[in-house]
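To start, the structure itself, in structure tokens.
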Amino acid sequence: MEKLSDDFNKRFLDLDENYKVIKNNIAEAAIKFSRKPEDITLLAATKTVPIEIINHGINLGIEHIGENKVQELTEKYDSYDLSKCELQFIGHLQTNKVKYLIGKVAMIQSVDSMKLAREISRLSLSHNVKTDILIEVNIGKEPNKSGIIPEKLNDLLYETATLPAINISGLMAIPPADANKRDTFNYFTNMYKYFIDISSKKLDNVNMQFLSMGMSADYTDAISAGSNMVRIGSALFGPRIYNKKF
């Protein structure tokens, strides 16, 4: 128990420092490209992170957290300090698991099909809530990766926008993990072009409020390319520890 306590104390201290560094990096990246630091949303990706560490981060000022796995989210749910923070779902979502999220999360960032959008709409209606969603774009057209390919993005947007009880609040993307820095930046700039193009159309029920892209290794590049929401996990909380219960 004493060793566990020491581990937690170290992680608390590391998080204190990491949070300061990341907030400063976000601010510098925003200002460098003539943007306001407060316009960039930091979402803490909390996969495998113990609830004590998450709540410590919330006390530091983290206002948005995101989980990748439905089971992990539901097991942690009653312990999150959501009085000062909103919870989002950022991972791949199977249609049969939507029922565990509606009414619990403020946003689902990973909508990539009409089947999934319809189920979110149906369950949101039945719970008398509106659910914010982002459309996930498979910007690298990777065959084994979730997300709609860019050529089908508009069709999915137009059809999803007709559904009740959901709000399309923007786009999300993850560039290929093996892309070099230059290619990754190009993926980011292409996503920004889609974001701006869709914004200019002023579609009903499509509010391009968030462009969610950029993670621990590339969030400053994403901000420079136009991202206004970055999802940061390991740079905040340290390497993920998969052999420990969260």
Side-chain angles (χ1 to χ4, degrees), residues 2-69 72-73 76-77 79-91 105-107 109 134 169-170 172-175 177 181 184-185 188 191-192 209-242 244-246:
E2 185 64 32
K3 185 176 188 306
L4 181 62
S5 178
D6 289 344
D7 288 344
F8 270 60
N9 286 335
K10 183 179 186 306
R11 293 189 70 175
F12 287 152
L13 293 172
D14 288 345
L15 178 54
D16 292 348
E17 182 59 27
N18 294 342
Y19 181 63
K20 291 176 185 176
V21 170
I22 289 167
K23 290 288 286 184
N24 184 64
N25 289 345
I26 289 173
E28 287 185 352
I31 292 168
K32 182 177 180 181
F33 293 95
S34 303
R35 305 173 68 191
K36 297 178 181 178
E38 59 267 27
D39 291 340
I40 312 298
T41 297
L42 167 61
L43 181 141
T46 51
K47 180 180 178 180
T48 78
V49 179
I51 194 68
E52 295 89 347
I53 306 297
I54 296 171
N55 287 338
H56 180 69
I58 293 170
N59 286 331
L60 291 177
I62 291 172
E63 297 178 330
H64 309 270
I65 59 174
E67 291 285 0
N68 290 72
K69 301 291 185 182
E72 184 173 349
L73 183 150
K76 290 177 176 177
Y77 184 75
S79 299
Y80 295 120
D81 180 5
L82 297 179
S83 63
K84 298 177 287 186
C85 183
E86 71 167 27
L87 173 63
Q88 301 187 23
F89 187 78
I90 60 176
V105 299
M107 182 182 290
Q109 290 205 18
L134 303 184
S169 298
M172 184 267 266
I174 304 173
K181 186 178 179 69
T184 296
F185 186 78
F188 287 152
M191 276 300 305
Y192 184 66
Q209 183 178 359
F210 296 110
L211 177 57
S212 176
M213 62 183 189
M215 298 188 289
S216 289
D218 53 23
Y219 64 95
T220 56
D221 287 338
I223 291 169
S224 71
S227 172
N228 62 9
M229 177 182 282
V230 291
R231 309 179 306 275
I232 301 180
S234 59
L236 263 177
F237 301 111
R240 289 180 176 141
I241 303 173
Y242 288 95
K244 287 189 177 182
K245 183 69 174 176
F246 46 77

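These numbers were taken from a predicted model, which means no experiment stands behind them. We number each residue from 1, following the sequence as shown. Atoms considered below: every heavy atom in the structure, side chains included; atoms not considered: hydrogens, waters and symmetry mates.
- For residues 43-68, the pairs satisfying ring pair (Phe, Tyr, Trp, His ring centres under 6.0 Å) are Phe12-His56, with sequence neighbours left out.
- Listed for the Ser227 side chain is no donor-acceptor partner under 3.5 Å among the backbone atoms of Ser212.
- At least one side-chain heavy atom of Gln88 sits under 4.5 Å from a side-chain heavy atom of Met229.
- For the pair Phe185 and Asp218, the minimum side-chain heavy-atom distance is 4.5 Å or more.
- Sorted by first and then second residue, the ring pair (Phe, Tyr, Trp, His ring centres under 6.0 Å) pairs with a member in residues 20-40 form an empty list; sequence neighbours excluded.
- Nearest approach of Phe188 to Pro175, heavy atoms of both residues: CE2-CG, 3.4 Å.
- Annotation: side chain of Glu67 is in contact with side chain of Ile54 (closest heavy-atom distance under 4.5 Å).
- With Asn228 contributing its side chain and Leu211 its backbone, the two residues share a donor-acceptor pair below 3.5 Å.
- In this structure, the separation between CG on Asn18 and CG on Leu236 is 6.5 Å, given to the nearest 0.5 Å.
- Judged by distance alone, the side chain of Arg35 and the main-chain N or O of Ile223 form a donor-acceptor pair under 3.5 Å.
- Distance CG/Leu82 to CD1/Ile65: 5.5 Å, rounded to 0.5 Å.
- Looking at Tyr19 and Leu42, their side chains come closer than 4.5 Å, going by heavy atoms from C-beta outward.
- At distances below 3.5 Å, at least one donor-acceptor pair connects side-chain atoms of Lys76 with backbone N or O atoms of Val49.
- Here the closest non-hydrogen pair linking Ala235 and Ser216 is N-OG, 3.0 Å.
- Of the inter-residue distances, the one linking Met215 atom CE with Asp221 atom CG reads 12.5 Å to the nearest 0.5 angstrom.
- When all heavy atoms are compared, the tightest approach of Ala222 to Gly214 is CB-CA, 3.5 Å.
- The two atoms that bring Arg231 and Ile174 nearest to each other are NH2-CG1, 3.2 Å, heavy atoms only.
- Proximity of Leu43 to Gln109: side-chain heavy atoms (C-beta onward) are separated by under 4.5 Å at one or more points.
- Going from atom CD1 of Ile40 over to atom OG1 of Thr220 covers 11.5 Å, rounded to the nearest 0.5 Å.
- Residues passing the side chain to side chain contact (heavy atoms under 4.5 Å, CB included) test with Asp81, sequence neighbours excluded: Asn55, Ile58, Asn59, Ser83, Lys84.
- Using a 4.5 Å cut-off on side-chain heavy atoms (C-beta onward), Tyr80 and Leu73 make contact.
- Residue Leu134 comes nearest to Ser169 through the heavy atom pair CD2-C, 3.5 Å, listed as atom of the first residue, atom of the second, then distance.
- Here the CD atom belonging to Gln209 is positioned 8.0 Å from the OG1 atom belonging to Thr41, to the nearest 0.5 angstrom.
- Looking at Thr48 and Phe237, their side chains never come closer than 4.5 Å, going by heavy atoms from C-beta outward.
- Side chains of Pro37 and Ile26 form no contact here, defined as non-hydrogen atoms less than 4.5 Å apart.
- The pair Lys10-Asp14 counts as a salt bridge, with a side-chain nitrogen and a carboxylate oxygen less than 4.0 angstrom apart.
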